[in-house]
Amino acid sequence: MTDKILSEHTVFIENRRTMKITGVVQVVAYDEFKLILKTDYGKMTVSGRNLVAGQMNTDSRTMELSGDINYLQYQANHGRSEKGLAKLLR
């Protein structure tokens with residue numbers, strides 16, 4: 001399986017207080033403790049306290065975030081093979 005990257009994706013965190021993210025496709029969920037984004041590289045979860053998400057720029061696919069950033073995790077994109085395997089394991 002070939003991984004196809006649709007756009008450049010970067011994450012810049014400064015002093016665990018501010019974050020700038022590029023390559024954002026969609027905001028999935030957001031509150032003051034957690035932000036879940038969809039990127040070309042999979043779902044990205046950022047958690048912390050007092051998180052404030054800036055407006056997402058759909059043209060440049062960028063977003064800024066501030067607050068107490070404690071955790072950053074990616075959930076990888078999976079192809080059709082996972083869906084087939086998931087069906088088998090039900």
- Message: Assess, by modelled atom type and distance only, whether the side chains of Ser66 and Thr18 contain a donor and an acceptor separated by less than 3.5 Å.
- Response: no
- Given the rule in the side-chain contact (heavy atoms from CB on, under 4.5 Å) test, do Ile36 and Val27 qualify, once you have shown the distances and angles that lead to the verdict? CA-CA 6 Å; Ile36 302 173; Val27 176; over 6 Å; no
- Item | In one Ile/Leu/Val/Met/Phe/Trp/Tyr side-chain cluster, 4.5 Å: Tyr74, Ile13 | yes
- Task: Name all residues meeting the salt bridge (Lys or Arg N to Asp or Glu O under 4.0 Å) criterion together with Arg16; count only those two or more places apart in sequence or in a different chain, and write none if there are none.
- Result: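 Not a single residue meets the salt bridge (Lys or Arg N to Asp or Glu O under 4.0 Å) criterion with Arg16.
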- Item | Any residue meeting side chain to side chain contact (heavy atoms under 4.5 Å, CB included) with Val24, in chain and number order, not counting sequence neighbours |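 Partners of Val24 by the side chain to side chain contact (heavy atoms under 4.5 Å, CB included) criterion, ordered by chain and then number, come out as Ile21, Leu37, Met56, Met63.
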- Gln73 meets the side-chain hydrogen bond (donor to acceptor under 3.5 Å, both in side chains) criterion, sequence neighbours left out, with Tyr71
- Could you tell me which residues satisfy side-chain hydrogen bond (donor to acceptor under 3.5 Å, both in side chains) with Thr62, sequence neighbours excluded, listed by chain and number?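 In terms of side-chain hydrogen bond (donor to acceptor under 3.5 Å, both in side chains), with neighbours along the sequence ignored, Thr62 is linked to Ser60.
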- Backbone N/O of Phe33 and side chain of Asp31: donor-acceptor pair under 3.5 Å: yes
- Where the side chain of Tyr41 meets the backbone of His9, is there a donor-acceptor pair that is under 3.5 Å apart? no
Is there side-chain contact between [X] and [Y], with heavy atoms separated by less than 4.5 Å?
X	Y	answer
Met19	Val46	yes
Lys43	Thr45	no
Arg61	Asp40	yes

- For Leu35 against Leu51, the heavy-atom pair lying closest together: N-CD1, 4.4 Å
- Task: Grab the two heavy atoms, one from Tyr30 and one from Val52, that are nearest each other, plus how far apart they are.
- Result: OH-CA, 3.2 Å
- Query: Going through the distances and angles, do Gln26 and Thr58 end up as a side-chain contact (heavy atoms from CB on, under 4.5 Å)?
  - Reply: CA-CA 9 Å; Gln26 175 185 18; Thr58 55; over 6 Å; no
- Task: Any salt bridge (Lys or Arg N to Asp or Glu O under 4.0 Å) involving residues 49-58? Give me the pairs, sequence neighbours left out, ordered by first then second residue.
- Result: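 Sorted pair list: Arg49-Asp68.
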- Task: Among residues two or more places apart or on two chains, list those pairs meeting salt bridge (Lys or Arg N to Asp or Glu O under 4.0 Å) that have a residue in residues 20-29.
- Result: none
